Chemist: 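Take this structure first; my questions come after.
Given the structure is predicted, the values throughout are model-derived calculations rather than measurements. Naming: A, B, ... by sequence-line order, numbering from 1 per chain.
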There are 2 protein chains.
Amino acid sequence: METNPIKILIADDEPDIIEIISYHLLKAGFEVFTAKDGSEAIEKAQQHTPDCIILDIMMPKRNGFEVCEYLRSNKQFDKTLIVLLTALNDEASHIKGLELGGDDFVNKPISPKVLLSRITALFRRIQPNANDNKVIQVRDLTIDPSQYKTILNGVIHVLAKKEFELLFLLAAQPGRVFLRNEILSQVWGNDVIVGDRTIDVHVRKIRVKLGIECITTVKGVGYKFDY
Amino acid sequence: METNPIKILIADDEPDIIEIISYHLLKAGFEVFTAKDGSEAIEKAQQHTPDCIILDIMMPKRNGFEVCEYLRSNKQFDKTLIVLLTALNDEASHIKGLELGGDDFVNKPISPKVLLSRITALFRRIQPNANDNKVIQVRDLTIDPSQYKTILNGVIHVLAKKEFELLFLLAAQPGRVFLRNEILSQVWGNDVIVGDRTIDVHVRKIRVKLGIECITTVKGVGYKFDY
DNA sequence: GGCAAGGTTATCAAATTGTTAACTAAACTA
DNA sequence: TAGTTTAGTTAACAATTTGATAACCTTGCC
């Protein structure tokens, strides 16, 4: 499955802050992007779809609240963690930031180590670990991600990597429709650009190899696992 | 769907703190349990399996770190949020608390409102399927946008995209009359220009497919969902 | 009857997906 | 390392589904 490094965007107008936070995040193995104002933050966010965005409240062009509000109104950033930073240590901003959809709110001066711990704690909590490496069993179909294989009626079917990942994604939530975009970002990653018919071809290969109707097309919307 | 109140356990040796936090949490609709030391915290936790535990670090019998460590070693509390409180404002405790598995770390003195915001933000983030909320249920008719399907009396009816979107729009507010213009802009968008009879044709298809009288015509005005 | 509003149906165009084959990249093998 | 196999992607075209419209029908009302 998608094993790209976790992407974090830092938006702050103080270069020193950016530098020191970047340093610690990079050392911890994250992929880091930066922005020096609110508009750039939105641009970079749209471009990279980071997993976490660290937003200073007081920034030029658009402040952190505005950026936060924008991000939260956009489905693309549903799963993106937002950590707000501010030098203003007042209760009202704190609450406002969280109510606008922020996931954490940290007062400056910042200890980079504490910030890192907090981000790590957030990621730990939202890890859908429960499903990782979990064998999926539906009727006589077994999908085992630890071995990258599927067993149907006792017969092992070997799927290629992408095929397997696509099937696993859909089967992890039977019945739920996955939009083509979701499938692309989950299986192929956000950076990879592949053509329109790629998903279809993989779906077809799965259908042929398994020989059962397990993936249903929802025209104009996406695909779902139904079995 | 989970309709039980969310359970929160507060463990602190200062009765004043317990009282003020309890007050705010109860007002916010949570079910509250309390403990005055670490041992009692563990007992109450085992007894009620709360969704969130607020732990003071400095407590008699067992301190917050110990309790946190215990909870995290126990699968029963996998999904339990842990918020640590402390009067000690030092970086090392902060990091230690998060590394032991705490989900948040808040310094005293505490603003109950801020604490409540933070807890709410945590719960919001770990909510599994935001989509589950959007399922519409009326008598024996289910309209599930995450699965793009309708179930009537146990029978699945497959609607086309526009049909489904139209039905979902109307059914989201049963009884309310939607003007033709509203329907056009919601389902077709503001840029698309379609003819007069288009809505009628789609309404008809829904009526035929579901086989029930669920969409009522309001002559000269629009349509409404009534069932 | 004449009019207005909506219902019904058939038809055609447009959008979307399915299928196949060819091409490219990566992994494997000797 | 060159040759070979396998996986992944793309392009082209076929098949299918969906959506929009026109034409005509029905109903209610004056």
Side-chain angles (χ1 to χ4, degrees), chain A residues 1-4 148-150 156-170 177-226, chain B residues 148-150 156-170 177-226:
Chain A
M1 208 124 297
E2 192 52 24
T3 53
N4 294 332
Y148 257 71
K149 72 180 180 189
T150 62
I156 296 176
H157 294 268
V158 181
L159 301 186
K161 188 158 167 277
K162 286 268 187 280
E163 291 160 17
F164 188 90
E165 287 171 1
L166 174 48
L167 176 64
F168 186 72
L169 173 71
L170 299 185
V177 178
F178 288 78
L179 310 182
R180 278 160 174 276
N181 280 337
E182 287 183 276
I183 295 172
L184 281 179
S185 70
Q186 294 291 313
V187 178
W188 275 264
N190 285 303
D191 316 318
V192 185
I193 297 166
V194 292
D196 260 18
R197 303 262 64 71
T198 302
I199 295 178
D200 310 40
V201 173
H202 282 87
V203 167
R204 158 146 230 278
K205 288 178 177 170
I206 296 168
R207 300 212 256 230
V208 169
K209 283 193 181 174
L210 294 189
I212 53 173
E213 288 298 316
C214 59
I215 297 179
T216 307
T217 304
V218 182
K219 269 214 152 192
V221 188
Y223 292 93
K224 66 178 171 177
F225 179 88
D226 246 339
Chain B
Y148 247 87
K149 72 180 180 189
T150 62
I156 296 174
H157 294 268
V158 180
L159 303 186
K161 189 162 170 262
K162 284 269 187 283
E163 292 160 17
F164 187 90
E165 287 170 0
L166 173 49
L167 175 63
F168 185 71
L169 173 71
L170 298 184
V177 180
F178 287 78
L179 310 181
R180 279 161 174 275
N181 279 337
E182 286 183 278
I183 295 173
L184 281 179
S185 70
Q186 293 291 313
V187 178
W188 275 264
N190 287 305
D191 319 317
V192 186
I193 298 166
V194 292
D196 258 21
R197 303 260 65 70
T198 302
I199 296 178
D200 309 39
V201 173
H202 284 277
V203 167
R204 157 144 232 279
K205 287 179 177 169
I206 295 169
R207 286 171 173 159
V208 170
K209 283 191 180 175
L210 294 188
I212 53 173
E213 288 299 315
C214 60
I215 296 179
T216 308
T217 306
V218 183
K219 270 207 150 194
V221 189
Y223 293 93
K224 65 177 173 177
F225 179 88
D226 243 339

Chemist: According to side-chain contact (heavy atoms from CB on, under 4.5 Å), who are the partners of Val221(A), at least two apart in sequence or on a separate chain?
Modeler: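 side-chain contact (heavy atoms from CB on, under 4.5 Å) list for Val221(A), sorted by chain: Val177(A), Leu179(A), Val218(A), Tyr148(B), Lys161(B).
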Chemist: Side-chain contact, heavy-atom cut-off 4.5 Å: Ile183(B) with Leu170(B)?
Modeler: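 Yes; the side chains approach each other to less than 4.5 Å.
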Chemist: Within this structure, what is the NZ-to-P distance between Lys205(A) and dG18(C), rounded to whole angstrom?
Modeler: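 Rounded to the whole Å, the gap is 14 Å.
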Chemist: If the condition is ring pair (Phe, Tyr, Trp, His ring centres under 6.0 Å), which residues does Phe178(A) pass it with, not counting sequence neighbours?
Modeler: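 In terms of ring pair (Phe, Tyr, Trp, His ring centres under 6.0 Å), with neighbours along the sequence ignored, Phe178(A) is linked to no residue.
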Chemist: Indicate for each nucleotide in nucleotides 4-14 of chain C, in 5' to 3' sequence, whether protein heavy atoms under 4.0 Å reach the base (B), only the sugar-phosphate (S), or nothing (-).
Modeler: -BBBBB-----
Chemist: May I have the step-by-step check of side-chain contact (heavy atoms from CB on, under 4.5 Å) for Phe225(A) and Leu167(A), ending in yes or no?
Modeler: CA-CA 8 Å; Phe225(A) 179 88; Leu167(A) 176 64; 4.0 Å; yes
Chemist: Just jot down the side chain to side chain donor-acceptor pair (under 3.5 Å) partners of Thr217(B), sequence neighbours excluded, or say none.
Modeler: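 Result, side chain to side chain donor-acceptor pair (under 3.5 Å) vs Thr217(B): Arg207(B).
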Chemist: If we only count heavy atoms from C-beta on, is the Leu166(B) to Tyr223(B) side-chain gap below 4.5 Å?
Modeler: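 No, their side chains stay 4.5 Å or more apart.
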Chemist: If you look only at pairs with a residue in residues 191-202 of chain B, which of them pass as a side-chain hydrogen bond (donor to acceptor under 3.5 Å, both in side chains), with sequence neighbours excluded?
Modeler: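 The answer is Arg180(B)-Asp200(B), Arg197(B)-Asp200(B).
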Chemist: Taking atom C1' of dT17(C) as reference, at what distance in whole Å does atom CD1 of Ile206(A) sit?
Modeler: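 Checked: the CD1 to C1' distance equals 15 Å.
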Chemist: First and last nucleotide of DNA chain D touching chain A, 5' to 3', heavy-atom cut-off 4.0 Å?
Modeler: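 Result: dA7(D) to dT18(D).
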Chemist: In Å, rounded to the nearest 0.5 Å, how long is the span from NZ of Lys149(A) to CD1 of Ile156(A)?
Modeler: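 The NZ atom of Lys149(A) sits 4.0 Å away from the CD1 atom of Ile156(A).
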